Amino acid sequence: PFTWSVVPKMAALHAQIRAAGRDVAICADGGINPSTIDAVVGAGASLLVLGSSGLFGEPDYAAALGAIRGQAQRAVESRTPAE
């Protein structure tokens, strides 16, 4: 299941990585689905692991994956340039 308390921690980690001038990907795993994607991508995640709560519980994997990719892309595009 998704743990909402990790979002500010992820954002802090993302800020530290950027401040250090590093190129490090943050991966979000556990409860990633349409209701959590905006938060984790907004906090700096660039890799999303989807399982039963976001992909495999859907009847049409291709449609679900396409919708999730679109949502993740919009979340990335809505980040401010400094992110």
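Computed from a predicted model, the values in this text were never measured in an experiment.
In this structure, CD1 on Ile68 lies 7.0 Å from CD on Glu58, to the nearest 0.5 angstrom. Once rounded to the nearest 0.5 Å, the distance linking NE2 of His14 with CZ of Arg79 reads 5.0 Å. A distance of 9.5 Å separates CG in Leu48 from CD in Gln71, rounded to the nearest 0.5 Å.
Within the 4.5 Å cutoff, the side chain of Phe2 has heavy atoms near those of the Val40 side chain. You'll find the side chain of Leu50 reaches within 4.5 Å of the side chain of Leu65, heavy atoms only. Side-chain contact between Ile17 and Ile26: present, with at least one pair of heavy atoms (C-beta onward) separated by less than 4.5 Å. Between Ile32 and Ser53, the closest side-chain pair of non-hydrogen atoms is not below 4.5 Å.
For the pair Ser35 and Trp4, the tightest heavy-atom approach, listed with the atom from each and the gap, is O-CH2, 3.5 Å.
When hydrophobic clusters are built by joining Ile, Leu, Val, Met, Phe, Trp and Tyr residues whose side-chain heavy atoms come closer than 4.5 Å, directly or via intermediates, Val49 is not grouped with Val24. Cluster annotation: Leu47 and Val7 are assigned to distinct hydrophobic clusters (Ile/Leu/Val/Met/Phe/Trp/Tyr, side-chain heavy-atom contacts under 4.5 Å, transitive).
No donor-acceptor distance shorter than 3.5 angstrom exists from the side chain of Ser46 to the backbone of Val41, with no hydrogens or angles considered.
Atom CG of Asp60 sits in a crowded spot, with more than 12 heavy atoms from other residues, nucleotides or ligands closer than 6.0 Å.
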